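These notes are about the structure you will find just below.
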Number of protein chains: 2
Amino acid sequence: MDLALLYSGGKDSSLAALLLDTFYDVTLVTAHFGVTDDWEHARDAALELGYAFETLELDGDVAHDAAEQMVEDGYPRNGIQRVHEHALEAVCQLDFDAIADGTRRDDRVPSISRAQAQSIEDRHGVDYLSPLSGFGRGAVDRLVDSHLRVETGPSEEIPKADYEGELRALIAEEHGAEAVAEVFPEHVQSYVHGRRE
Amino acid sequence: MDLALLYSGGKDSSLAALLLDTFYDVTLVTAHFGVTDDWEHARDAALELGYAFETLELDGDVAHDAAEQMVEDGYPRNGIQRVHEHALEAVCQLDFDAIADGTRRDDRVPSISRAQAQSIEDRHGVDYLSPLSGFGRGAVDRLVDSHLRVETGPSEEIPKADYEGELRALIAEEHGAEAVAEVFPEHVQSYVHGRRE
């Protein structure tokens, strides 16, 4: 069965790929808005892991609305959630038997409820899987340490292709660098460089 | 890393084992109350899958309390939940790095909340995993069809070692066969006979 996994090049979505490839033919799909070339980092990480890779261009209006929402809120949560829900709907339009993401049990956002999962499956006739939603932070960290080679650091220094990079760029363009710093408190990101031998 | 998976011989816990053995040395652990020999069915299923197998004897008082609760309620949900929570606490006493169960996204019971999962991990210093909690019924059924050889039928005809068998026996002993029929409406069970080639 063919599965499309929403992929950022980070440790969670990379670990999700390793788990799913027991059962599925996994293609890593990086959704982006055409704002930056950050998706290339995800492509490189995907190649280092040895998976098929595709990009998926999302609706720019959604990015703009999400960026405005974040600035208004003063925090990124609702904007990220909105973009992730849009990305899941978009990846359903591709021709896969199943779609998946790397959300973990302890993630506050993005987070897809049981009802949302069922709705995606019913409307699109696909299986939606979140293979890490039964794994806590400690288990994920231990599995990442033993299976992946990872680079970590502050968000702005780590090459990555999650939605954050493009939303930062959009907010910087419209509202300046101070607005970005206000919305996104500094936190540690990860970027995957292949498997451990 | 060594992992103990609570195991009934059914399709969900068998599929959970296949998923987890990508990352862990899996031992299948069947919890029982010493009321029946049903655990032998789980042992046979475990051998057919090629996993290490252990039994774990639970506290008989919990079984009696759960059986009484079921009869009082007229349905099994709360009793099953109580026994499952007790089994998770008990399996934490064994010497494993991680424990797991086969609960799915769409299961109403047993169901372990995020807060309960965190509490188990904090109190016992283990990782608790529910690898199928990110998989819906459709995905589980499709994966089972392609990876496991399964026998299905009404609960009372399928050899199995979930808590239900022993709780049925306890209720029959104390309250008679009619009480069993009242608490457990007829439903289809599954029993695994190894992997598909």
Side-chain angles (χ1 to χ4, degrees), chain A residues 1-3 5 12-13 15-26 96-108 111-122 124-148 195-196, chain B residues 1-3 5 12-13 15-26 96-108 111-122 124-148 195-196:
Chain A
M1 281 178 288
D2 292 320
L3 177 140
L5 172 63
D12 295 341
S13 51
L15 187 67
L18 267 53
L19 248 181
L20 289 168
D21 81 5
T22 308
F23 291 139
Y24 296 92
D25 293 317
V26 173
F96 289 90
D97 304 310
I99 65 161
D101 63 27
T103 55
R104 296 171 313 166
R105 186 186 80 201
D106 301 337
D107 280 341
R108 288 176 59 206
S111 161
I112 301 299
S113 71
R114 196 182 299 200
Q116 283 177 299
Q118 193 66 59
S119 167
I120 290 169
E121 294 183 336
D122 292 345
H124 297 288
V126 299
D127 290 330
Y128 162 70
L129 312 176
S130 53
L132 298 186
S133 64
F135 290 69
R137 185 184 304 262
V140 169
D141 288 348
R142 273 180 274 282
L143 291 173
V144 165
D145 281 349
S146 48
H147 294 277
L148 296 169
R195 300 167 199 245
R196 287 197 186 279
Chain B
M1 281 177 288
D2 293 321
L3 177 141
L5 172 64
D12 294 341
S13 52
L15 187 66
L18 268 52
L19 249 181
L20 289 167
D21 82 7
T22 308
F23 291 140
Y24 295 93
D25 294 318
V26 173
F96 290 89
D97 305 310
I99 64 162
D101 62 28
T103 55
R104 296 172 312 166
R105 186 186 80 201
D106 301 338
D107 279 341
R108 287 178 60 208
S111 160
I112 301 299
S113 71
R114 196 182 300 199
Q116 283 177 298
Q118 193 66 59
S119 166
I120 290 169
E121 293 184 336
D122 292 346
H124 298 287
V126 298
D127 290 329
Y128 162 70
L129 312 176
S130 53
L132 297 186
S133 65
F135 291 69
R137 184 185 305 263
V140 168
D141 287 348
R142 275 179 274 282
L143 292 173
V144 165
D145 280 348
S146 48
H147 295 277
L148 296 169
R195 301 168 197 245
R196 287 196 185 279

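Every chain is numbered from 1, with letters handed out A, B, ... down the list of sequences. Small disclaimer: the values here were computed from a predicted structure and weren't measured. Side chains are part of it too, since the values below use all heavy atoms of this structure and drop only hydrogens, waters and symmetry mates.
Both the backbone and the side chain of A/Q118 come within contact range of chain B, each with at least one heavy atom under 4.5 Å from a heavy atom of that chain. Residue B/I112 does not touch chain A at all, counting heavy-atom pairs closer than 4.5 Å. Contact annotation for B/L3: neither backbone nor side-chain heavy atoms come within less than 4.5 Å of a heavy atom of chain A. Residue contact with chain B, scored on non-hydrogen atoms closer than 4.5 Å, involves the backbone and the side chain of A/Y128 alike. In this structure, no portion of A/L132 lies under 4.5 Å from any heavy atom of chain B.
The heavy-atom pair separating A/R114 from B/D107 by the smallest distance is NH1-O, 3.4 Å. In plain terms, the two heavy atoms of B/S133 and A/G134 that are nearest each other are OG-CA, 3.2 Å. A/L18 and B/T22 get closest at one heavy-atom pair: O-CG2, 4.0 Å.
The candidate from A/G136, A/A100, A/A117 with the greatest count of non-hydrogen atom pairs under 4.5 Å with chain B is A/A117. When each of A/V126, A/D106, A/D21 is checked for heavy-atom pairs under 4.5 Å with chain B, A/D106 comes out on top. Taking chain A as the reference chain and counting heavy-atom pairs below 4.5 Å, the highest number among B/A98, B/P131, B/A139 is found for B/A139.
Looking only at side-chain heavy atoms (C-beta outward), B/F135 and A/D127 stay at 4.5 Å or farther from each other.
The one candidate from B/R142, B/R137, B/R105 that meets the salt bridge (charged side-chain N to carboxylate O under 4.0 Å, His left out) condition with A/E121 is B/R105.
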